[in-house]
Amino acid sequence: MADVLFTNARIFDGSGDLPYTGDVFVQGNRIARVTRTGQGLRSAPVLGATVVDAAGAFLMPGMVEAHTHFSWNDQPSLDAIQRMPPEEHVLWCAQVAERYLDMGWTSCVGAAAAKPRLDVVIRNAIEDGTIVGPRYLAASQEITVPGGLGDTTRPHLPQPEFAFGAIVSGAEEMRRCVRMFVKYGVDSLKINLSGESITGMPGDMSQFTETEIATCVEEAKAWGKRVAAHARSCKSIKLCVKHGIEVIYHASFTDEETLDLLEAHKTEHFIAPGLAWLINTSYHASEWGLTPEVTRKMGYHRELEAALETMKALRRRGVRILPGGDYGFAWTPHGTNAKDLEYFVKMVGMSTMEALLSATAWGAPMMRMGKTLGKVREGYLADLLLIDGDPLADITVLQDKARILAVMKDGEFHRAPPLRSARTMTRWAA
Ligand SMILES: [Zn+2]
């Protein structure tokens with residue numbers, strides 16, 4: 001892969017500063033140089049590099065999805081997701097992984113897989129180049145309790161093969177389960193601390209004893225693994241802080257004490273509310289029998305209101321909120337993930353700058369790559385997007401694949417910009 005010089009780009013560098021006109025030189029998989037240009041200034045041409053004239057297009061860091069389920073297969077229920085046979089399921093995940101990259105998500109944090117090894121296999125295949133996809137952190141299945149969120153077995157068919165989640169009861173079963181997933185090679189353990197109304201267990205209910213939770217965290221940390229929790233209820237959020245569960249998904253129901261706790265520990269946790277799930281389940285799932293009347297009765301409308309109030313409060317308190325909305329259900333199809341940024345702006349009150357930072361600079365530490373990812377800065381990894389339009393003026397341009405002119409991951413184009421703007425520099429005179 002030849003080195004690449006982007007010229008005349010409007011650079012959003014992920015620092016929080018307003019964009020400026022400049023050139024970005026990518027050498028190998030790194031950003032080697034960022035130069036401000038304009039007003040007579042131009043960067044030195046680079047021999048042998050492919051020059052991409054951005055012609056004023058918006059150049060930004062690749063985006064980070066904080067709550068990704070490649071193995072959710074755009075179906076309307078946990079059962080329907082889980083029952084896809086393993087062979088088809090692997091192919092599905094591979095195809096979805098590429099779709100994320102297509103839409104500008106160059107990094108994704110796995111938030112649970114529908115079968116024990118799906119996430120690990122896909123992560124490994126991306127890393128060794130067998131398939132195309134974003135940087136990926138692999139998750140376990142959702143760990144749950146008998147009868148809890150993710151236990152989709154039938155009373156007469158209690159076999160784990162029928163379960164969406166990994167079902168444990170008691171500390172020793174939890175310990176064994178964590179060790180099993182560590183053996184498979186996951187990066188994180190996903191534990192369902194609260195319910196989920198669509199499955200019959202309300203979101204404001206909590207499952208698991210504290211002993212089981214403590215065992216999960218203790219065992220995961222002993223192996224150097226992260227724990228992520230499905231935590232909608234107020235009680236479950238507090239347990240995340242108390243036990244040092246780094247990733248808190250949803251965090252819908254809070255009281256003053258919980259908000260104080262999250263604020264006091266804001267550098268130790270990542271919050272991804274998954275608003276797309278709440279919004280679309282509440283109002284856009286009628287086709288699948290979930291009319292607004294039905295979902296109101298289930299409690300989703302009340303939860304959406306609570307979640308929006310929580311996110312507004314957390315934003316005011318300087319807690320970082322990340323995009324990732326449980327995409328992969330019938331009414332939240334994969335690839336529409338940038339909707340989350342629109343929700344952040346329109347419903348949580350973020351500025352477009354904050355929304356862009358949440359998808360870039362704030363997501364990088366969640367990938368455990370805070371010093372190498374999420375910014376357009378010398379020495380950082382070259383995960384870059386070229387956008388036709390200005391996301392700071394209209395955040396929705398990121399939802400349109402046609403407006404994402406180029407996607408570069410690790411210094412290589414997944415999608416190169418339109419040909420007419422690229423040429424190879426063969427002479428020094430530009
Ligand atoms: Zn999820």
Side-chain angles (χ1 to χ4, degrees), residues 67 69 78 82 110-117 119-120 137-153 155 158-254 257-258 261-262 265 268-272 274:
H67 183 147
H69 300 290
L78 298 188
Q82 198 275 339
K115 292 184 173 69
R117 293 178 60 245
D119 254 21
V120 167
L137 295 180
S140 67
Q141 275 175 293
E142 300 189 347
I143 303 174
T144 188
V145 301
L149 166 58
D151 177 3
T152 52
T153 60
Q159 293 91 332
E161 291 76 14
F162 290 90
F164 181 80
I167 304 160
V168 303
S169 195
E172 277 316 302
E173 283 188 28
M174 174 66 86
R175 196 180 297 284
R176 183 177 184 81
C177 180
V178 171
R179 287 174 175 170
M180 177 188 79
F181 282 118
V182 170
K183 170 181 167 176
Y184 294 164
V186 300
D187 297 300
S188 71
L189 284 304
K190 171 74 176 291
I191 180 169
N192 285 349
L193 293 188
S194 76
E196 178 67 58
S197 303
I198 194 176
T199 67
M201 182 186 181
D204 53 4
M205 264 183 73
S206 306
Q207 46 185 32
F208 279 118
T209 63
E210 269 210 70
T211 313
E212 290 165 326
I213 296 168
T215 305
C216 175
V217 176
E218 176 196 43
E219 197 59 35
K221 289 192 175 168
W223 293 92
K225 304 297 178 185
R226 159 190 278 168
V227 183
H230 172 96
R232 296 192 180 279
S233 68
C234 194
K235 180 181 171 191
S236 65
I237 301 165
K238 286 180 191 163
L239 288 168
C240 286
V241 178
K242 179 175 176 186
H243 291 279
I245 294 177
E246 196 180 356
V247 181
I248 306 176
Y249 288 133
H250 308 304
S252 302
F253 297 105
T254 50
E257 185 192 353
T258 313
L261 265 176
L262 289 172
H265 295 269
E268 297 148 51
H269 296 278
F270 298 98
I271 313 278

Chemist: Rounded to the nearest 0.5 Å, what's the gap from CD1 on Ile143 to CD1 on Ile167? Could you check?
Modeler: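 With rounding to 0.5 Å, CD1 (Ile143) is 11.5 Å from CD1 (Ile167).
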
Chemist: Measure from the side-chain N and O atoms of Thr152 to the backbone N and O of Phe162, and report whether any donor-acceptor pair falls under 3.5 Å.
Modeler: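 Yes, Thr152 side chain to Phe162 backbone: donor-acceptor pair under 3.5 Å.
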
Chemist: Quick one: does Cys240's side chain get under 4.5 Å of Leu193's, heavy atoms only?
Modeler: yes

Chemist: So how far is it from Gln141 CD to Asn192 CG, rounded to the nearest 0.5 Å?
Modeler: 10.5 Å

Chemist: Sequence neighbours left out, what passes salt bridge (charged side-chain N to carboxylate O under 4.0 Å, His left out) with Glu161? Give chain and number order.
Modeler: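 So Glu161 forms no salt bridge (charged side-chain N to carboxylate O under 4.0 Å, His left out) with any residue.
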
Chemist: Quick one: which residue pairs count as a salt bridge (Lys or Arg N to Asp or Glu O under 4.0 Å) with a foot in residues 142-153, not counting sequence neighbours?
Modeler: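 Of all non-adjacent pairs touching residues 142-153, those that pass salt bridge (Lys or Arg N to Asp or Glu O under 4.0 Å) are Glu142-Lys190.
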
Chemist: What residues form a side chain to side chain contact (heavy atoms under 4.5 Å, CB included) with Tyr184, not counting sequence neighbours?
Modeler: Pro116, Arg117, Met180, Phe181

Chemist: Shortest non-hydrogen contact from Val227 to Ile245?
Modeler: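 Nearest heavy atoms, Val227 then Ile245: O-CG2, 3.5 Å.
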
Chemist: If I take atom CG from residue Leu262 and atom CD1 from residue Ile237, how far apart are they, to the nearest 0.5 angstrom?
Modeler: 6.5 Å

Chemist: Side-chain contact test, heavy atoms from C-beta onward, threshold under 4.5 Å: evaluate it for Glu246 versus Phe270 and give yes or no.
Modeler: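 Yes. Closest side-chain heavy atoms under 4.5 Å.
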
Chemist: Quick one: salt bridge (charged side-chain N to carboxylate O under 4.0 Å, His left out) partners of Lys238, sequence neighbours excluded?
Modeler: Asp255, Glu257

Chemist: To the nearest 0.5 Å, what is the distance between SG on Cys216 and CG on Leu189?
Modeler: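 Reported to 0.5 Å precision, the distance equals 5.0 Å.
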
Chemist: Does some side-chain heavy atom of Val186 sit less than 4.5 Å from a side-chain heavy atom of Asp119?
Modeler: no

Chemist: Aromatic rings His230 and His250: how do their planes relate, parallel, tilted or perpendicular, breaks at 30° and 60°?
Modeler: perpendicular

Chemist: Give me the atom names and distance for the closest heavy-atom approach of Ser169 to Glu212.
Modeler: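 Between these two residues, the closest heavy atoms are C-OE2, 3.7 Å.
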
Chemist: Looking at every non-hydrogen atom in both residues, tell me the closest pair between Ala231 and Ile248 and how far apart they are.
Modeler: CB-CG2, 4.2 Å

Chemist: Over all heavy atoms of both residues, which pair between His67 and Ala111 is shortest? Give the atoms and the distance, please.
Modeler: CD2-CB, 3.3 Å

Chemist: Within the 4.5 Å heavy-atom criterion, are Leu261 and Thr254 side-chain neighbours or not?
Modeler: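 Side chain of Leu261 against side chain of Thr254, heavy atoms only: no contact under 4.5 Å found.
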
Chemist: Working to the nearest 0.5 angstrom, can you tell me the gap between Lys225 NZ and Leu137 CG?
Modeler: 10.0 Å

Chemist: At their closest point, which heavy atom of Val217 faces which heavy atom of His243, and how far apart are they?
Modeler: CG1-O, 3.3 Å

Chemist: So, does Lys235 use its side chain to make a donor-acceptor pair with the main chain of Met205 at under 3.5 Å?
Modeler: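 Flag not set: sc Lys235 to bb Met205 has no pair under 3.5 Å.
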
Chemist: Heavy atoms, side chains only, cut-off 4.5 Å: are Ile213 and Lys242 in contact?
Modeler: no

Chemist: Shortest non-hydrogen contact from Gln207 to Leu149?
Modeler: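 Residues Gln207 and Leu149, closest heavy atoms: OE1-N, 3.2 Å.
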
Chemist: Would you please name every residue forming a side chain to side chain contact (heavy atoms under 4.5 Å, CB included) with Glu219, sequence neighbours left out?
Modeler: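 Residues passing side chain to side chain contact (heavy atoms under 4.5 Å, CB included) with Glu219: Arg175, Val178, Arg179, Trp223.
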
Chemist: Side chains of Leu239 and Glu210, heavy atoms from C-beta outward: is any pair under 4.5 Å?
Modeler: yes

Chemist: Identify, with sequence neighbours excluded, every residue that meets ring-ring contact (aromatic ring centres under 6.0 Å, His included) alongside Phe208.
Modeler: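 ring-ring contact (aromatic ring centres under 6.0 Å, His included) list for Phe208, sorted by chain: empty.
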
